[in-house]
Amino acid sequence: MQRFPPFDPPEYVSWKPDPALVRAYRATIEADSERAAVVSGLSPDAKLALYAGLLRARLHDIQLQRWVRTGVISKAWLGTGEEATTVGPVHALERGSDVVAPMIRNAAACCEMGMPIADMLRAYLATDDSPSRGRDLHVGSFSQGVLQPISHVGDMVPVITGIALTFKMKGEQRVALTWVGDGSTKTAAAHEGTNFAAVQKLPAIFILENNQVALGTRLEQHHLPGTFKDWAASYGMWGAQLDGNNVLDAYAATAVAAQRCRRGEGPALLVAETFRMGGHATHDEREARETYPDTLFKEWGRRDPVGLYEEYLKEEGWSAAELAAVEGEVAAEVERAAEEAVQSRERMPKGETALEGVYAKNGR
């Protein structure tokens, strides 16, 4: 994709494909026969849809960065470098049936489940026509299967577990999915929700997004085992590991997990190894660069999930011009959404509306 020097991490600006990583990308997909079968069943349109999803996620974040730099908003929480861990799993679900609960940097789950990007951007502007009518920048639309998250990381695990419980009680072949960060695994809510889902054999998928850092706390400072390969087994549930920078691996692993859920075989815990190419938010980029060595950013920078998937698609027969056309369409979509969202600033909520919808009335 086109690089944006003022907005992309330095490692992405002059990004070039590493032949060894390009080969490893395909080898990862072919290493597991069950996942390989899922990928082989993808249509050309489905593969391009994954590409468009990665671009949409990246360009959405770039738009937020533009707004921060120009003073439209004060800061933003981005998922740069982790796009595949969000886009792949969402595409493996059934839109209109399944439910997801993204964390704030899994924002791409919203548009990939069908939410307009303009609504996602309006949430940051707190306009009256934003999804929460200006109350919160966390985005969701339950009518489209996206549960609006909260800042308390880990707390969506028991909530999504409760939704999965209703699916089981009603005998519906639906799946509930949420993401949890490596740091969030240490919260009581995440532990209790995961354990309950396992014991009750619920159709829930938990994606443990190991991006190596919890706010500013490095993995080795809060997780002594160093890896999460045995995490699922500790709850007695089925689990698997995946390359969080490989959208096809993320898609296939989630598809396999969803099939198990629909067959009544209980929940799944997928461990996605990835890396956040920036700070906790746009205001602490310097802190992020001081927390980890430069070599680590360079190592993960070579594994850009967008760039590596582009190389895969080229090997599959797509031309650079065809991929550029997809990028052009997505870029225009995001630009139109940004223009619509900015116009909404003329419709800011009145202060008294903050009191509306706080308490249920008449049982609703």
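Along the sequence shown, the residues carry numbers beginning at 1. Keep in mind that the numbers below use all heavy atoms, side chains included, and drop hydrogens, waters and symmetry copies.
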**Criterion salt bridge (Lys or Arg N to Asp or Glu O under 4.0 Å) on Lys168 and Glu265, from CA distance to verdict** = CA-CA 11 Å; Lys168 179 181 178 181; Glu265 297 178 20; over 6 Å; no
**Request:** Report the C-alpha separation of Gln63 and Phe7 in whole Å, then their side-chain angles, then the decisive distance to 0.1 Å, and conclude whether the side chain to side chain contact (heavy atoms under 4.5 Å, CB included) test is met.
**Result:** CA-CA 9 Å; Gln63 181 58 53; Phe7 308 109; over 6 Å; no
**Request:** Determine, step by step, whether Gln148 and Val139 satisfy the side chain to side chain contact (heavy atoms under 4.5 Å, CB included) criterion, reporting the C-alpha distance in whole Å, the side-chain angles of both residues, the deciding distance to 0.1 Å, and the verdict.
**Result:** CA-CA 5 Å; Gln148 185 173 352; Val139 188; 6.0 Å; no
**Request:** Decide side chain to side chain contact (heavy atoms under 4.5 Å, CB included) for Thr295 and Lys298; before the verdict, give the C-alpha distance in whole Å, the side-chain angles of both, and the deciding distance to 0.1 Å.
**Result:** CA-CA 5 Å; Thr295 53; Lys298 289 180 178 178; 5.6 Å; no
**Prompt:** Would Glu94 and Arg262 count as a side chain to side chain contact (heavy atoms under 4.5 Å, CB included) if you check the C-alpha gap in whole Å, the side-chain angles of each, and the deciding distance to 0.1 Å?
**Reply:** CA-CA 11 Å; Glu94 294 182 7; Arg262 298 188 208 284; 3.6 Å; yes
**Request:** Begin from the C-alpha positions of Phe275 and Tyr292 and carry the test ring pair (Phe, Tyr, Trp, His ring centres under 6.0 Å) through to its verdict.
**Result:** CA-CA 11 Å; Phe275 186 70; Tyr292 277 107; 5.7 Å; yes
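No donor-acceptor pair under 3.5 Å is formed between the side chain of Asp230 and the backbone N or O of Ala233. Remark: side-chain polar atoms of Trp300 are not paired, donor with acceptor, to backbone N or O of Met277 under 3.5 angstrom. A donor-acceptor pair under 3.5 Å is absent between the side-chain atoms of Ser97 and the main chain of Arg174, judged by distance alone. Judged by distance alone, the side chain of Arg276 and the main-chain N or O of Leu78 form no donor-acceptor pair under 3.5 Å. Although no hydrogens or angles enter the test, the distance criterion places no donor-acceptor pair under 3.5 Å between the side chain of Glu209 and the main chain of Gly181. Looking only at distances, a side-chain donor or acceptor of Arg95 sits under 3.5 Å from a matching main-chain atom of Glu112. Using modelled atom types, no side-chain atom of Thr187 and backbone atom of Gly154 make a donor-acceptor pair closer than 3.5 Å. Formation of a donor-acceptor pair under 3.5 Å by the Asp32 side chain with backbone atoms of Arg35 is found in this model. A donor-acceptor contact shorter than 3.5 Å links the side chain of Gln144 to the backbone of Gly114. Looking only at distances, a side-chain donor or acceptor of Asp284 sits under 3.5 Å from a matching main-chain atom of Ala281.
A donor atom on one side chain and an acceptor atom on the other are not found under 3.5 Å apart for Arg347 and Thr127.
In the hydrophobic clustering of ILVMFWY residues, with side-chain heavy atoms under 4.5 Å counting as a link, Leu296 and Tyr12 come out together. At a threshold of 4.5 Å between side-chain heavy atoms, the hydrophobic network of Ile, Leu, Val, Met, Phe, Trp and Tyr places Val199 and Ile160 in two separate groups. There is no path of hydrophobic side-chain contacts, each under 4.5 Å, that joins Leu177 to Leu165.
The side chain to side chain contact (heavy atoms under 4.5 Å, CB included) search around Met113 returns Val90, Val100, Val146, not counting sequence neighbours. Judged as a ring pair (Phe, Tyr, Trp, His ring centres under 6.0 Å), and not counting sequence neighbours, the contacts of Phe228 are His223, Trp231. Considering only residues two or more places apart in sequence or on other chains, Thr353 meets the side chain to side chain contact (heavy atoms under 4.5 Å, CB included) condition with Arg133, Pro349, Lys350, Glu356. Residues satisfying the ring pair (Phe, Tyr, Trp, His ring centres under 6.0 Å) criterion with Phe142, sequence neighbours excluded, are absent altogether.
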Return all side-chain donor-acceptor pairs below 3.5 angstrom for residues 237-244, not counting sequence neighbours, or 'none' if the list is empty.
residue	atom	partner	partner atom	Å
Asp243	OD1	Asn245	N	2.9
Asp243	OD1	Arg303	NH2	2.9
Asp243	OD2	Arg303	NH2	3.4

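A salt bridge does not link Lys16 to Glu310: none of the charged side-chain nitrogens sits closer than 4.0 Å to a carboxylate oxygen. Under the 4.0 Å criterion applied to side-chain N and carboxylate O atoms, Glu339 and Arg336 are not assigned as salt-bridge partners. Under a 4.0 Å N-O distance rule, the pair Arg58/Glu83 qualifies as a salt bridge. A salt bridge links Arg26 to Glu316: one of the charged nitrogens lies within less than 4.0 Å of a carboxylate oxygen. For the pair Asp304 and Arg3, the salt-bridge criterion is met [side-chain N within less than 4.0 Å of a carboxylate O]. Taking 4.0 Å as the cut-off between side-chain N and carboxylate O, Arg345 and Asp129 do not count as a salt-bridged pair.
Looking only at side-chain heavy atoms (C-beta outward), Tyr312 and Ile29 come within less than 4.5 Å of each other.
Note on ring orientation: taking the six-membered ring where Trp is involved, the planes of His280 and Trp77 are perpendicular (angle over 60°, cut-offs 30° and 60°).
Sorted by first and then second residue, the ring pair (Phe, Tyr, Trp, His ring centres under 6.0 Å) pairs with a member in residues 188-219 read His191-Tyr235; sequence neighbours excluded.
One distance of note links CD of Glu311 with CG of Leu323; it measures 9.0 Å at 0.5 Å rounding. The structure places CD of Gln65 at 10.0 Å from CD1 of Ile73, a figure rounded to the nearest 0.5 Å.
Heavy-atom contacts from other residues, nucleotides or ligands closer than 6.0 Å to CD of Gln173 number 12 or fewer.
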